[in-house]
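Just below is one structure, and these are the notes that go with it.
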Protein chains: 2
Amino acid sequence: MSSRIVELRKGLLERNDLSAQLLRERFAQAGTQVVNLLSSPGSGKTTLLHRMLEACQPGGSGPRLRAAALVGDCATDNDARRLAESGAPVRQIVTEGCCHLEADMVSSHLEGWDLEQIDLLFVENVGNLVCPADYDLGESLRMVLLAVTEGEDKPLKYPQMFHTADLVVLTKLDLAGPAGFDQELALGNLRAVRPDVQVLLTSARTGAGIPELLTVLTPQPNQR
Amino acid sequence: MSSRIVELRKGLLERNDLSAQLLRERFAQAGTQVVNLLSSPGSGKTTLLHRMLEACQPGGSGPRLRAAALVGDCATDNDARRLAESGAPVRQIVTEGCCHLEADMVSSHLEGWDLEQIDLLFVENVGNLVCPADYDLGESLRMVLLAVTEGEDKPLKYPQMFHTADLVVLTKLDLAGPAGFDQELALGNLRAVRPDVQVLLTSARTGAGIPELLTVLTPQPNQR
């Protein structure tokens with residue numbers, strides 16, 4: 001990249017960091033826990049999110065949390081329509097080709113929502129293991145998904161992303177056998193770039209691991 | 001994005017287009033067919049490439065082509081080391097966090113190679129369904145992979161990438177059953193963004209579809 005681009009990009013990231021800090025303060029004041037969901041395209045972010053939103057609804061199997069979601073995509077509002085079936089408040093952020101979400105996109109899509117009424121806000125990023133790593137969205141927790149069908153080497157090849165993760169969730173565990181997934185190898189590669197990160201194993205299809213995941217994501221009493 | 005960033009990015013893309021055009025002329029003069037391989041992380045680019053390079057080697061099952069590869073990754077030279085086992089000439093391009101390959105990265109990694117001795121050059125891009133779509137690498141053919149484990153909706157959600165494809169290759173067909181992949185739905189979504197694109201079905205694990213793919217990629221006599 002040319003030095004002018006590098007410099008402008010640095011300025012852009014600094015401005016994003018300022019916007020993210022304002023968002024973070026706003027979320028803290030309202031007692032809203034915010035989870036930034038990141039992964040490759042097709043790692044199962046939306047399906048896992050659907051299960052979590054359903055579980056948090058009245059009558060669901062999960063904790064009694066008021067959960068909501070913002071979902072980012074380059075194009076279409078398919079995900080928001082699909083997730084709204086859960087009954088939770090959901091809004092789509094269409095980036096029109098932009099490869100990541102930015103803090104200002106999150107702010108502008110919160111308009112009209114009373115954050116005091118939201119305990120847990122999911123922000124599903126654009127599917128991309130590179131660019132979204134650099135953009136703080138004011139989240140409390142950065143959750144990176146790795147599908148067992150993607151292979152064991154992804155943490156080594158996309159270290160920036162896994163290096164910033166607070167929580168790594170292996171997805172599609174029901175396909176581990178057919179895909180020949182070597183879990184020890186994958187976890188070894190992950191530890192090499194992010195030694196102490198918490199890891200959870202899930203399958204949105206069977207429901208395995210989702211109660212444990214929701215326990216980890218539930219805001220602690222002093223946060224609420 | 002700010003207007004200054006948009007303008008600088010436009011300049012960067014224009015410079016890349018010029019470099020790509022020079023590369024394209026060089027490839028044409030040498031009679032080298034160049035394939036830009038694009039997909040999400042973990043869609044099976046490297047494994048499919050490995051099978052194709054092996055098949056083209058003396059004693060392999062494919063056409064007698066002198067094949068070589070450049071492989072792009074944000075970090076590690078694991079892929080180049082793995083692919084070199086095929087016996088073909090392979091070089092790694094480490095982008096150090098950059099989310100796509102550019103024409104100049106390709107040029108600088110060709111140094112010392114005699115293109116006249118290469119019939120088919122694969123350039124494996126960084127795993128990313130967004131950013132690499134904008135960067136011409138002087139290729140003859142743009143091949144976009146979609147793994148059946150990624151879901152049927154990816155063409156709709158990443159239209160820029162699929163819109164520029166000359167050839168779409170479905171990968172990991174051996175996992176279509178376990179993953180519950182709906183091929184008709186996926187192809188319908190693909191046709192919605194790229195109506196007449198050629199589609200091939202492959203499995204690097206079983207070898208299905210690889211001879212057909214190599215037939216499509218083999219330069220025609222008037223190109224050589």
Side-chain angles (χ1 to χ4, degrees), chain A residues 1-2 4-5 7-9 11-12 15 39-44 46-47 72-76 78-79 82 94-100 102 126-134 146-161 172 174-180 189 193 205, chain B residues 1-2 4-5 7-9 11-12 15 39-44 46-47 72-76 78-79 82 94-100 102 126-134 146-161 172 174-180 189 193 205:
Chain A
M1 277 193 280
S2 78
R4 278 175 71 207
I5 287 272
E7 202 172 306
L8 265 174
R9 193 167 176 281
L12 196 75
R15 278 200 300 282
S39 80
S40 299
S43 299
T46 312
T47 308
D73 275 302
C74 292
T76 84
N78 293 354
D79 281 1
R82 182 172 149 203
V94 178
T95 67
E96 291 175 3
C98 181
C99 55
H100 60 270
E102 297 180 8
V126 177
N128 183 337
L129 271 188
V130 189
C131 318
D134 292 336
L146 173 65
V148 301
T149 47
E150 288 174 66
E152 299 83 1
D153 60 347
K154 295 301 156 294
L156 299 178
K157 290 171 70 177
Y158 302 87
Q160 314 99 296
M161 181 59 81
K172 309 194 187 186
D174 55 293
L175 293 176
N189 290 338
V193 296
R205 186 183 276 174
Chain B
M1 279 193 279
S2 80
R4 278 174 72 205
I5 286 271
E7 201 172 308
L8 266 173
R9 194 168 174 281
L12 196 75
R15 278 200 299 282
S39 80
S40 299
S43 298
T46 313
T47 307
D73 275 302
C74 292
T76 86
N78 294 354
D79 281 1
R82 185 172 147 203
V94 178
T95 67
E96 292 176 1
C98 182
C99 56
H100 60 270
E102 297 180 8
V126 177
N128 183 336
L129 270 187
V130 190
C131 317
D134 292 336
L146 173 64
V148 300
T149 48
E150 288 173 64
E152 299 82 3
D153 60 347
K154 294 303 157 296
L156 299 178
K157 290 171 70 177
Y158 301 88
Q160 315 100 295
M161 180 59 79
K172 309 193 186 187
D174 55 291
L175 293 176
N189 290 338
V193 296
R205 186 183 274 172

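Chain identifiers are assigned alphabetically (A, B, ...) following the order of the sequence lines, protein sequences preceding nucleic acid strands; residue numbering begins at 1 within each chain. Source: prediction; values computed, not measured.
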Quick one, A/Val130 and B/Val130 - any side-chain contact, counting heavy atoms below 4.5 Å?
no
Please report the closest heavy-atom contact between B/Leu8 and A/Leu8, naming both atoms and the distance.
CD1-CD1, 2.7 Å
Under 4.5 Å to a heavy atom of chain B? For A/Thr46 that would be side chain
Most heavy-atom pairs under 4.5 angstrom with chain B, which of A/Asp79, A/Asn78, A/Thr47?
A/Asp79
Keeping the roles fixed (side chain from B/Tyr158, backbone from A/Pro41), state whether a donor-acceptor pair exists under 3.5 Å.
no
What I'd like to find out is whether the side chain of A/Leu175 reaches to under 4.5 Å of the side chain of B/Leu175, using heavy atoms alone.
no
Engaged part of A/Lys157 at the chain B interface, taking heavy atoms whose separation is under 4.5 Å:
both
Interface check, chain B: of A/Gly127, A/Cys131, A/Gly151, A/Ala133, most non-hydrogen pairs under 4.5 Å belong to A/Gly127
Is it the backbone or the side chain of B/Pro159 that comes under 4.5 Å from a heavy atom of chain A, or both, or neither?
side chain
For the backbone of A/Thr149 and the side chain of B/Lys172, can you confirm whether one donor and one acceptor N or O come within less than 3.5 Å of each other?
yes
Contact leader toward chain B among A/Asn128, A/Val126, A/Asp134, where contacts are heavy-atom pairs under 4.5 Å:
A/Asn128
